[in-house]
Amino acid sequence: MNEIIRIRGGKRLSGEVKISSSKNAAVAILPAVVMASEIVKLYDVPHIEDINILISLLRKLNIKVDVDGDNLTIDPTDIQNIVLDDSGVTKLRASYYFMGALLGRYKKVKMLYPGGCDLGPRPIDLHLKGFEALGAKVKTYDGMIEITADELRGDEIYLDIASVGATINIMLAATFAQGRTTIQNAAKEPEIIDLSSMLNKMGARIRGAGTSEINIDGVRRLKGCIHDIIPDRIEAGTYIIMAAAMGNNVRVDNVIPQHIESLLMKLEEMGVKMEVGSDYVLVKGYDELKPVDIKTLTFPGFATDLQQPITPLLAIANGDSHVVETIYVKRFKHCHELNKMGADIEVHEPSNTIHGPCKLHGANITATDLRCGASLVIAALMAEGETVISDAYHIYRGYDSIAQKLRNLGADIAED
Ligand code: EPU
């Protein structure tokens with residue numbers, strides 16, 4: 001896998017780019033397949049590193065996974081619930097969905113602690129409290145976590161924070177619990193709706209996904225299904241921001257505009273001209289870019305995952321923009337890298353002030369995490385001269401064929 005991306009900036013972008021399926025839906029859907037007693041077919045699965053790792057973890061569990069282009073056929077009929085102590089577990093956050101899925105099906109799961117991007121503290125206390133409320137016992141030792149239950153029983157669970165991961169994990173375990181589980185203050189992200197519609201096709205009885213109250217009536221068995229994963233709203237947002245900065249009529253295709261309304265409203269406020277269709281956004285450009293203030297929030301608020309990518313655009317706006325990050329208060333490492341390129345950003349966690357307008361120039365910079373990487377790619381496309389982005393593997397974790405997609409739009413980008 002290439003570790004370095006080189007971009008010679010300043011090229012105008014035009015043409016069409018097709019958005020891949022959602023990483024954060026797919027990374028919940030793949031672990032959920034362990035709950036099925038029959039074959040599951042997934043279409044349009046993104047080609048990203050996180051998916052490759054999850055496929056290898058499914059295979060460790062003796063599940064057959066056939067990859068045919070974008071489509072996966074997953075046969076879990078010979079599954080073995082072995083200890084997941086493979087280093088892959090620690091490479092991504094979403095490996096924690098094996099907890100809910102295997103606990104639900106086998107009432108026992110033992111695995112390494114999950115990893116993921118370093119965005120400051122990322123506790124999983126709400127996931128574990130949820131499992132305990134369903135009757136499970138949790139033990140942690142030597143980097144391992146073991147969760148067991150004699151039986152799982154539905155309960156009313158209130159989440160102190162509307163956590164995406166905790167909502168999904170509890171939904172997975174509760175699918176096989178006896179009776180009804182109600183999750184109050186559930187997260188409402190579209191990826192949760194996608195997972196619940198797949199589980200319901202398999203025979204689960206989940207109501208209310210996408211609202212703050214989800215009801216799950218336990219079932220004893222899940223059958224197979226065929227499922228198309230929703231488009232990736234964060235990848236879509238990333239390309240729309242890129243097109244706003246450097247594009248001349250860039251059409252971003254395979255988008256659900258309702259999933260990115262908060263971003264589209266902010267871009268409009270900044271002066272970006274767009275045509276929003278039923279499944280595309282045509283970004284036309286801007287006459288003048290105005291600064292805006294952004295506060296990240298849970299869905300449908302402004303996504304924390306787009307806070308880093310939009311920063312370079314704010315850096316060239318005519319005036320000061322302020323960002324308040326309420327989800328991951330330390331998600332600002334990209335600012336230090338952008339400052340090496342000529343941006344003028346003051347970080348005072350959990351917020352920053354972006355003094356615009358600045359002129360970006362090429363530099364040697366490092367992708368410290370996935371969305372920091374996306375932010376640096378956007379800045380590099382805008383900058384004068386060559387930018388070398390190291391640790392690009394973070395970017396490949398979440399962006400399908402990014403270099404090829406950008407080259408098709410006219411960018412000068414190379415990988416080595
Ligand atoms: N939190 C707790 N306790 C918990 C769980 C969460 O305190 O038990 C806190 C977190 O520390 C954070 C907040 O609650 O401050 C929200 O975290 P959440 O659980 O919602 O996030 P997540 O499930 O770990 C997912 C995405 C992230 C995305 C966030 C927020 C996946 C695999 N990851 O993370 O995506 O930023 O929701 O929308 O779905 C990314 O794609 O780059 C990425 C980091």
Side-chain angles (χ1 to χ4, degrees), residues 20-32 46 48-51 53-54 89 91-100 113-133 138 140 145 157-172 183 185-195 212 229-230 232-238 259-260 262-263 296-310 324-331 333-334 349-350 367-375 394-400:
S20 301
S21 295
S22 161
K23 164 179 97 77
N24 287 344
V27 298
I29 282 172
L30 262 72
I48 53 174
E49 268 310 293
D50 277 12
I51 295 297
I53 296 169
L54 287 174
V89 175
K91 291 197 180 122
L92 78 166
R93 194 82 194 143
S95 50
Y96 59 28
Y97 293 134
F98 284 110
M99 289 181 194
Y113 229 77
C117 284
D118 177 12
L119 310 175
R122 296 182 78 180
I124 55 167
D125 54 313
L126 300 173
H127 305 228
L128 303 182
K129 269 170 75 177
F131 297 145
E132 283 168 346
V138 178
T140 51
I145 185 154
I157 297 168
Y158 174 83
L159 295 179
D160 295 333
I161 301 172
S163 151
V164 175
T167 301
I168 289 181
N169 243 335
I170 296 167
M171 211 163 86
L172 291 170
I183 309 175
N185 196 31
K188 299 188 277 231
E189 271 65 4
E191 294 75 22
I192 297 170
I193 306 178
D194 199 33
L195 174 67
S212 58
I229 301 168
I230 55 169
D232 194 311
R233 64 194 166 99
I234 306 301
E235 191 198 12
T238 302
H259 289 175
I260 49 169
S262 53
L263 171 71
T296 63
L297 290 167
T298 53
F299 189 83
F302 194 95
T304 170
D305 294 344
L306 288 172
Q307 179 263 115
Q308 292 163 293
I310 203 171
V324 181
E325 173 56 71
T326 74
I327 311 292
Y328 293 114
V329 295
K330 291 182 179 297
R331 203 171 197 176
K333 290 194 187 132
H334 61 297
E349 288 166 2
T368 56
D369 56 81
L370 167 60
R371 308 299 172 189
C372 165
S375 164
H394 284 294
I395 301 170
Y396 303 126
R397 285 193 42 213
Y399 289 90
D400 186 346

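Just so you know, ligand 1 is whichever comes first in the structure, and atom 1 is the first atom listed for that ligand.
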One finds that the ligand 1 atoms under 4.0 Å from a non-hydrogen atom of L370 are 42 (O)

The option among P123, G165, S95 carrying the non-hydrogen atom nearest to atom 5 (C) of ligand 1 is P123

Taking only non-hydrogen atoms of I124 and a 4.0 Å limit, the atoms of ligand 1 in range are 4 (C), 8 (O)

Check the pair R331 / D305 against salt bridge (charged side-chain N to carboxylate O under 4.0 Å, His left out), numbers first and verdict last. CA-CA 9 Å; R331 203 171 197 176; D305 294 344; 2.8 Å; yes

Quick note on ligand 1: atoms under 4.0 Å from a heavy atom of K23 include exactly 40 (C), 41 (O)

Checklist entry - Mind checking whether T167 and E189 have side chains closer than 4.5 Å, heavy atoms only? => result no

Are any side-chain N or O atoms of N169 and backbone N or O atoms of G100, one a donor and one an acceptor, separated by less than 3.5 Å? yes

Under a 4.0 Å N-O cut-off, is there an ion pair linking R233 with E191? yes

Q. What do you reckon, does A166 have a nitrogen or oxygen under 3.5 Å from a nitrogen or oxygen of ligand 1?
A. no

Q.
Tell me whether the rings of H259 and F299 are parallel (<30°), tilted (30 to 60°) or perpendicular (>60°).
A. perpendicular

Closest to atom 15 (O) of ligand 1 by heavy-atom distance, out of D305, I327, N24, I192, is I327

Near Y96 (heavy-atom distance under 4.0 Å), the atoms of ligand 1 are 22 (P), 23 (O), 24 (O)

Exercise. Output yes when the distance from some N or O of ligand 1 to some N or O of V164 is under 3.5 Å, and no in every other case.
Key: yes

Value for CG (L92) from CG (L370), rounded to nearest 0.5 Å, stands at 11.5 Å

Answer yes or no: is there a side-chain heavy-atom contact under 4.5 Å between R371 and I234?
yes

Under 3.5 Å, N or O to N or O, is L126 touching ligand 1 that way?
yes

Ligand 1 atoms nearer than 4.0 angstrom to some heavy atom of Y328 are 12 (C), 17 (O), 18 (P), 21 (O), 22 (P), 24 (O), 29 (C), 34 (O), 36 (O)

> Does ligand 1 have an atom that lies less than 4.0 angstrom from a heavy atom of R331?
Replying inline: yes

When rounded to the nearest 0.5 Å, the distance separating CD1 of I310 from OG of S375 is 10.5 Å

